[in-house]
Amino acid sequence: MVPPPSNPQQVQQFLSSALSQRGPSSVPYEESNKWLIRQHLLNLISSYPSLEPKTASFMHNDGRSVNLLQADGTIPMPFHGVTYNIPVIIWLLESYPRHPPCVYVNPTADMIIKRPHAHVTPSGLVSLPYLQNWVYPSSNLVDLVSDLSAAFARDPPLYSRRRPQPPPPSPPTVYDSSLSRPPSADQSLPRPFPPSPYGGGVSRVQVQHVHHQQQSDDAAEVFKRNAINKMVEMVHSDLVSMRRAREAEAEELLSLQAGLKRREDELNIGLKEMVEEKETLEQQLQIISMNTDILDSWVRENQGKTKNLVDLDVDNAFECGDTLSKQMLECTALDLAIEDAIYSLDKSFQDGVVPFDQYLRNVRLLSREQFFHRATGSKVRAAQMEVQVAAIAVYSPCKRKLKPCRIEPISSTINDETLSSLLISNCNILTPCFASSVCL
């Protein structure tokens, strides 16, 4: 244990040295709280000079030993108009000042702890509402000692031990312990036990007369302190509720931010797709512009040729390259012409111009003729395919020699067997395949 200092200046030096010490014997307080601990102890010593700061080894219930600060001494206790001094030890634990200190009543050899007591256990540990309702950082040691003094005044925790009384040498004299100092050990007289928290002959008990005005001042100070503590608790609860509200708002804003981030990603993806589509459309537009330029140039080149032609026969405007192409052109033209005629008959029948029997007869005749033209076109197309295959074979790497064939027009005469096979097969109109050139 470090010896206590003797004056205020030495108290400050002692606290500064103890709190700044490093090594195994240093005090285990947080660096951010050491200044507040120093201020609490200085204010306590200034208000109660009977208490002295010390460092000592504190043994926890689990067997751990740690070097801590303590305030050792006595605190005043007014009782029946007389002020007594109660010896106490206030230990500042490692978590101080965020948590309350540990207070013990330290009776001397001629004192005993009252049993039972509302606030003091048989081991001397003090439990008060002020300690249980400790509020950081408003709670402090000065208010704690004041509350201890008031609680002990209502119910003193210590009494003096019973001592054997020697026979009196003279007739007894009655003393009023509430108005004067109790008699010394050599002047003790028989009286009921105990008349006060401490018996006669206690060297550490100092008796002081307290005026009624000071008692009223103490009550006003206690009321003021309780009001301040109540306000601090209310402010603390308001801060906790505000903090919870702000945390809820922050969570809501974070969820909103996540939603906005997701939408931003979706917009970026959509914008990228639109840019790609724009590039594709621009390429197609360039191709269309090139084709348009080519067509415009062809129209400008051939626009003057039509002015010299007075009577232009549409049927002779195209010149076929070979016999098969010419025959294919004729079959296709007749097929399309018959198709238009049948369409006109349908419109006339719907309008009531052509009778039903005449409509059926004409459609049957036109359909038969259209069938023959389509069958002829199919045979011409097959012959053209054979010619194309033969031409490819001539220019192939193997250069096989083909036997020259003579291309003749296909007769439109079809026997009954050919007609039956064509009726069974599906004869659709295919794209005409013939070689021709424009004659302008």
(message) Quick check for you: to the nearest 0.5 Å, what is the distance between Leu336 atom CG and Gln370 atom CD?
(response) 8.5 Å
(request) List in chain and number order the residues that pass side-chain hydrogen bond (donor to acceptor under 3.5 Å, both in side chains) with Glu386, two or more places apart in sequence or in another chain; answer none if no residue qualifies. (result) none
(request) Only counting residues at least two apart or in another chain, list the ones meeting side-chain hydrogen bond (donor to acceptor under 3.5 Å, both in side chains) with Gln132. (result) Ser127
Just distance, no hydrogens or angles: give the donor-acceptor pairs under 3.5 Å from side chains in residues 230-250, sequence neighbours left out.
unit_1 : atom_1 : unit_2 : atom_2 : d
Ser237 : OG     : Glu233 : O      : 3.3
Ser237 : OG     : Met234 : O      : 2.7
Ser241 : OG     : Ser237 : O      : 3.3
Ser241 : OG     : Asp238 : O      : 2.7
Arg243 : NE     : Glu247 : OE2    : 3.2
Arg246 : NE     : Glu249 : OE1    : 3.2
Arg246 : NH2    : Glu249 : OE2    : 3.0

(request) Please report the shortest heavy-atom distance between Leu51 and Ala71, naming the atom on each side. (result) CD2-O, 4.3 Å
(request) Nearest 0.5 Å please: distance from the NE2 atom of His119 over to the CZ atom of Arg154. (result) 6.0 Å
(request) Look only at the side chain of Thr332 and the backbone of Leu329, and say whether a donor-acceptor pair between them is shorter than 3.5 Å. (result) no
(message) Quick check: closest heavy atoms across Leu324 and Ala383, and the distance to 0.1 Å?
(response) CD1-CB, 4.1 Å
(message) Looking at Trp91 and Ala56, would you say the former's side chain and the latter's main chain have a donor-acceptor pair under 3.5 Å?
(response) no
(request) Kindly say whether Ser138 contributes a backbone atom to a donor-acceptor pair with the side chain of Asn140 at under 3.5 angstrom? (result) yes
(message) Would you compute the distance between atom CG of Asn85 and atom CG of Leu158 and round it to the nearest 0.5 angstrom?
(response) 11.5 Å
(message) Counting only heavy atoms not in Asp62 (residues, nucleotides, ligands), do more than 12 fall under 6.0 Å from its CG?
(response) yes
(request) For Ser50 and Thr74, indicate whether the former's side chain and the latter's backbone hold a donor-acceptor pair under 3.5 Å. (result) yes
(message) Tell me every residue that passes side-chain hydrogen bond (donor to acceptor under 3.5 Å, both in side chains) with Thr121, counting only those two or more places apart in sequence or in another chain.
(response) Ser123
(request) Please examine the side chains of His373 and Ile338, heavy atoms only from C-beta on, and report whether any two atoms are closer than 4.5 Å. (result) yes
(request) State which residues pass ring pair (Phe, Tyr, Trp, His ring centres under 6.0 Å) with Tyr136; sequence neighbours excluded, sorted by chain then number. (result) none
(request) Of all the heavy-atom pairs spanning Val88 and Asp72, show the shortest one and how long it is. (result) O-OD1, 3.3 Å
(message) What verdict does the side chain to side chain contact (heavy atoms under 4.5 Å, CB included) test give for Lys261 and Asp265, after you've listed the backbone C-alpha separation in whole Å, the side-chain angles of each residue and the deciding distance to 0.1 Å?
(response) CA-CA 6 Å; Lys261 181 64 176 177; Asp265 296 339; 4.1 Å; yes
(request) List for me each residue that meets salt bridge (Lys or Arg N to Asp or Glu O under 4.0 Å) alongside Asp346, sequence neighbours excluded, and say none if there are none. (result) none
(message) Testing the basics here: between Pro28 and Asn67, what is the closest heavy-atom pair and its distance to 0.1 Å?
(response) CD-O, 3.1 Å
(request) Calculate, to the nearest 0.5 Å, the distance between atoms CG and OH belonging to Leu345 and Tyr359 respectively. (result) 7.0 Å
(request) Begin from the C-alpha positions of Leu92 and Leu141 and carry the test side chain to side chain contact (heavy atoms under 4.5 Å, CB included) through to its verdict. (result) CA-CA 10 Å; Leu92 306 186; Leu141 298 177; 4.0 Å; yes
(request) Decide yes or no on side chain to side chain contact (heavy atoms under 4.5 Å, CB included) for Leu144 and Ser139, but give the supporting numbers first. (result) CA-CA 8 Å; Leu144 171 61; Ser139 299; over 6 Å; no
(message) So does Pro76 get a backbone contact from the side chain of Ser149, meaning a donor-acceptor N/O pair under 3.5 Å?
(response) yes
(request) With the side chain counted from C-beta on, respond yes when Leu281 and Leu285 share a heavy-atom pair under 4.5 Å apart, and no when they do not. (result) no
(message) Set out, in order, the CA-CA distance, both residues' side-chain angles and the distance that settles side chain to side chain contact (heavy atoms under 4.5 Å, CB included) for Asn268 and Glu264, then state yes or no.
(response) CA-CA 6 Å; Asn268 290 333; Glu264 181 184 4; 3.8 Å; yes
(message) Please enumerate all residues that pass side chain to side chain contact (heavy atoms under 4.5 Å, CB included) together with Asp296, with sequence neighbours excluded.
(response) Thr292, Arg300
(request) Would you mind listing every salt bridge (charged side-chain N to carboxylate O under 4.0 Å, His left out) that reaches into residues 119-147, with sequence neighbours excluded? (result) none
(message) Once rounded to the nearest 0.5 Å, what's the spacing between atom CD of Gln70 and atom OG of Ser57?
(response) 10.5 Å
(message) Does anything in residues 21-56 form a ring pair (Phe, Tyr, Trp, His ring centres under 6.0 Å)? List the pairs, not counting sequence neighbours.
(response) His40-Tyr96
(message) Is it the case that over 12 heavy atoms from other parts of the model lie below 6.0 angstrom from the CD atom of Glu252?
(response) no
(request) Could you tell me whether the side chain of Ser46 and the main chain of Leu42 form a donor-acceptor pair under 3.5 Å? (result) no
(request) State which residues pass side-chain hydrogen bond (donor to acceptor under 3.5 Å, both in side chains) with Ser146; sequence neighbours excluded, sorted by chain then number. (result) Arg225
(request) Over all heavy atoms of both residues, which pair between Val11 and Pro53 is shortest? Give the atoms and the distance, please. (result) CG1-CG, 4.0 Å
Side-chain polar contacts of residues 14-24 - donor-acceptor pairs under 3.5 angstrom, sequence neighbours left out - could you list them?
unit_1 : atom_1 : unit_2 : atom_2 : d
Ser16  : OG     : Gln12  : O      : 2.9
Ser16  : OG     : Arg38  : NE     : 3.2
Ser20  : OG     : Ser16  : O      : 2.6
Ser20  : OG     : Ser17  : O      : 3.4
Gln21  : NE2    : Ser25  : OG     : 2.9
Arg22  : NH1    : Ser20  : O      : 3.1
Arg22  : NH2    : Glu31  : OE2    : 3.3

(request) Under the ring pair (Phe, Tyr, Trp, His ring centres under 6.0 Å) rule, collect the residues that match up with Phe152, sequence neighbours excluded. (result) none
(message) Please report the interatomic distance CG(Leu267) to CE(Met274), rounded to the nearest 0.5 Å.
(response) 10.5 Å
(message) Between Asn43 and Gln39 (side chain of the first, backbone of the second, donor and acceptor by atom type, cut-off under 3.5 Å), is there such a pair?
(response) yes
(message) Minimum heavy-atom separation for Pro78 and Ala153, please, with both atom names.
(response) O-CB, 3.0 Å
(request) Would you check if Lys114 and Val120 make a side-chain contact, meaning some heavy-atom pair closer than 4.5 Å? (result) no
